[in-house]
Amino acid sequence: MVSRILPVQPFDYVVFGATGDLTMRKLLPALYSRFRDGQFGTDSRVIAAARSEMDTAEYRERAEAALRAHIPGHDRTDQSVAAFLALLSYAAVDGAGEDGWAALLATLAEREGQVRVFYLATAPALYGSICERLAAHGAIDGRSRVVLEKPLGHDLASARAINTAVGAVVPEAQIFRIDHYLGKETVQNLLALRFANPIFERLWNADVIDHVQITVAETVGVEQRAGYYDTSGALRDMVQNHILQLLCLLAMEPPASLDADAVRDEKLKVLRALRRIRPGEVAAQSVRGQYVAGAVGSQPVPGYLTELAAQGGSGGSTTETFFAMRAQVDSFRWAGVPFYLRTGKRLPRKVSEIVVQFRTPPFSLFPAGAHGPSEPNRLLIRLQPQEGMRLEMMTKDPGPGGLRLRPTGLDISFEETFGQRFPDAYERLLMDVVRGNQTLFMRRDEVEAAWDWVQPLLDSWADSAEPPRPYAAGAWGPTAAIALIERDGRTWYE
Ligand SMILES: NC(=O)C1=CN([C@@H]2O[C@H](COP(=O)(O)OP(=O)(O)OC[C@H]3O[C@@H](n4cnc5c(N)ncnc54)[C@H](OP(=O)(O)O)[C@@H]3O)[C@@H](O)[C@H]2O)C=CC1
Ligand SMILES: O=C1O[C@H](COP(=O)(O)O)[C@@H](O)[C@H](O)[C@H]1O
């Protein structure tokens with residue numbers, strides 16, 4: 001159980017894209033978990049919308065199967081599942097046309113005055129047209145919120161076009177651009193780590209920190225999402241949003257308050273301070289890769305192109321499934337401190353981790369060799385799995401006869417410390433939308449600044465005849481990714 005549940009006001013949650021992968025794997029389980037924990041009651045409703053023709057009974061069957069597949073048995077009861085399913089109804093609606101809107105609007109009209117959330121879990125190309133129709137039908141009022149899934153657009157121009165189309169009919173204060181990484185407990189903990197613990201904040205600068213690494217590694221391939229992934233790739237799928245958000249939280253100045261705009265203003269400054277990559281520097285500062293057949297956890301797995309072909313994709317895709325980069329934040333605080341970023345599919349382990357490596361002492365009393373190994377201090381922030389933190393430091397190896405050092409660590413496992421289930425990121429975010437709290441959502445200028453920074457990479461790849469570098473599934477990306485950091489005399493933490 002999650003501690004201290006603050007109930008939210010009754011709502012109607014309308015999910016467009018309700019038959020899709022995201023709804024089934026994440027949104028319905030998150031809503032169920034919040035219902036089971038008593039955060040909302042039977043006076044709220046979930047209205048599932050997609051084009052497929054089916055009735056509510058059939059949708060509830062699908063939803064039940066999804067809950068059974070994605071919520072562990074010890075976290076659900078037949079009674080609470082049945083009570084949750086009773087809140088669901090289905091409306092066949094075409095977000096790009098006129099079919100089905102009358103029935104949806106009639107359902108909404110049954111609860112005038114209720115908070116309405118319109119969650120757009122569809123392709124981003126539909127966001128503008130769904131919002132225009134919602135507005136034209138009078139479904140948007142001061143109590144409505146619209147949630148936009150990531151990645152918002154395909155590049156800077158399309159992101160701007162979507163923001164403009166949605167912004168023309170929905171006020172910015174009612175738009176929630178979701179990045180589920182911001183809903184992860186360990187990501188929010190970055191704020192607590194930095195700003196509730198002065199010992200760290202005083203060290204959080206270029207005088208003390210040598211470099212920062214952000215790794216978001218996955219063992220899975222493209223799963224059943226090849227159609228989406230092949231048009232996206234690692235840069236759009238993971239870096240433009242999740243990894244840049246992590247970088248912002250690590251690098252930003254202390255906000256004046258936890259007010260949504262105060263936090264988002266500081267993140268925006270980081271995005272704007274990120275050094276733009278010039279076309280001639282792309283190859284030296286970044287590496288893109290694509291996996292070929294290999295083995296992950298001793299299981300043989302096919303290459304990306306084979307997985308793509310199995311889902312009807314055509315050969316010769318140059319979509320990157322791995323990306324690494326040396327980024328630089330041009331500010332007083334971070335001058336000269338590289339931020340090494342990497343993410344990929346079919347890597348050896350699923351791990352999301354931040355490594356803050358501190359500088360070595362200006363003079364060593366313990367030269368390496370004579371006194372055992374010499375390792376720099378590092379703060380490891382494990383976002384998932386085994387969430388926690390570890391401060392790596394040198395200690396004296398116990399025993400007589402000389403003074404030898406040994407690397408040891410101060411470890412905090414969040415699971416052991418708090419002894420409770422960590423809610424899925426979507427649980428927190430879905431309820432924040434109902435509350436109208438935008439702190440953990442991205443503002444228009446933030447999203448566009450992030451696209452603005454990645455755009456030169458996208459342009460350079462589009463102009464280049466060079467394909468991504470191959471790497472065997474189960475390796476840490478192409479060898480060029482190792483060279484990227486080792487050229488600087490540093491090494492990836494593994
Ligand atoms: N899946 C994931 O893990 C993640 C997904 N996302 C984002 O979430 C969004 C949805 O992704 P995902 O669930 O994977 O996609 P899917 O392709 O699995 O689902 C798309 C959904 O949109 C519906 N849809 C398509 N066209 C229309 C239309 N004209 N009107 C109404 N509904 C329509 C489809 O149903 P039907 O065909 O019946 O209309 C289906 O329910 C995307 O923007 C994606 O980038 C973000 C993070 C993770
Ligand atoms: O947004 C996405 O994130 C997932 C990884 O999320 P995590 O919470 O499991 O770390 C990724 O698999 C997917 O491709 C991407 O769209």
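Here the structure is a predicted model, which is why all the values come from computation and not from measurement. Numbering of ligands and ligand atoms starts at 1, following listing order.
Remark: the Gln224 side chain and the Asp21 side chain contain no N/O donor-acceptor pair separated by less than 3.5 Å. Neither side chain, Asn241 nor Gln245, offers a donor N or O lying under 3.5 Å from an acceptor on the other. When only modelled atom types and interatomic distance are considered, Asp230 and Tyr304 share a side-chain donor-acceptor pair under 3.5 Å.
Of all protein heavy atoms, the one lying nearest to atom 3 (O) of ligand 2 is His180 CE1, 3.4 Å. Shortest contact from atom 28 (C) of ligand 1 to any protein heavy atom: Arg51 CD, 3.5 Å. The protein heavy atom nearest to atom 38 (O) of ligand 1 is Ser52 OG, 2.4 Å. Of the protein's non-hydrogen atoms, Lys150 O, 3.4 Å is the one closest to atom 7 (C) of ligand 1.
There is a protein heavy atom closer than 4.0 angstrom to atom 45 (O) of ligand 1.
Test Leu244, Asp452, Val454 against Leu274 for side chain to side chain contact (heavy atoms under 4.5 Å, CB included) and you get one pass: Leu244.
At a threshold of 4.0 Å, the pair Arg145-Asp432 does not count as salt-bridged, since none of the basic side-chain nitrogens sits closer than that to a carboxylate oxygen. Residues Asp141 and Arg143 are not paired through a salt bridge, judged by the lack of any N-O separation under 4.0 Å between the basic side chain and the carboxylate.
Close N/O approach between Ala50 and ligand 1 is not found [any backbone or side-chain N/O within under 3.5 Å]. Residue Asp94 has at least one N or O atom closer than 3.5 Å to an N or O atom of ligand 1. An N or O contact shorter than 3.5 Å is missing between Tyr228 and ligand 1 by distance. When only interatomic distances are considered, the shortest N/O to N/O separation between Thr122 and ligand 1 falls below 3.5 Å. Between Glu218 and ligand 2, a contact under 3.5 Å exists for at least one N or O pair. For ligand 1, one of its N or O atoms has an N or O atom of Gly17 under 3.5 Å away. An N or O contact shorter than 3.5 Å is missing between Ala123 and ligand 1 by distance. Any N or O atom pair closer than 3.5 Å counts here, and Arg225 shares at least one such pair with ligand 2.
Per-residue contacts place Lys345 under 4.0 angstrom from the following atoms of ligand 2 (heavy atoms of the residue considered): 11 (C), 12 (O), 13 (C), 14 (O). Those atoms of ligand 2 that come under 4.0 Å of a heavy atom in Lys184, given as number and element, are 7 (P), 8 (O), 10 (O). Interface atoms of ligand 2 facing Asp237, defined by a heavy-atom separation under 4.0 Å, are 13 (C), 14 (O), 15 (C), 16 (O). Taking every heavy atom of Arg25 and a limit of under 4.0 angstrom, the matching atoms of ligand 1 come to 1 (N), 2 (C), 3 (O). Applying the 4.0 Å criterion to heavy atoms of His242 picks out, from ligand 2, the atoms 1 (O), 2 (C), 3 (O).
Remark: aromatic rings of Phe322 and Tyr471 are close, center separation under 6.0 Å. Ring to ring, His211 and Tyr340 are close: their centroids are under 6.0 angstrom apart. Here the two rings, on Trp476 and Tyr493, have centers that are 6.0 Å apart or farther. For Phe16 and Tyr119, the ring centers sit 6.0 Å or farther from each other.
Looking at Thr23, its side chain does come within 3.5 Å of a backbone N or O of Gly17 through a donor-acceptor pair. Proximity of a side-chain donor or acceptor of Gln438 to a complementary backbone N or O of Ile175 within less than 3.5 Å is detected. A donor-acceptor contact shorter than 3.5 Å links the side chain of Glu320 to the backbone of Leu235.
The shell of residues lying under 4.0 angstrom from ligand 1, judged by heavy atoms, excludes Met24. Taking a 4.0 Å cut-off on heavy atoms, Ser232 fails to register as neighbouring ligand 1. Close to ligand 1: Tyr127, with a non-hydrogen atom less than 4.0 angstrom away. Under the 4.0 angstrom criterion for non-hydrogen atoms, Phe16 is not in contact with ligand 1.
Under 4.0 angstrom from ligand 1, there are no non-hydrogen atoms of Ile130. Of the heavy atoms in Tyr181, only side-chain atoms (C-beta onward) come closer than 4.0 Å to ligand 2.
One option in Thr19, Leu148, Asp21 has a heavy atom closer to atom 14 (O) of ligand 1 than any other, and that option is Asp21.
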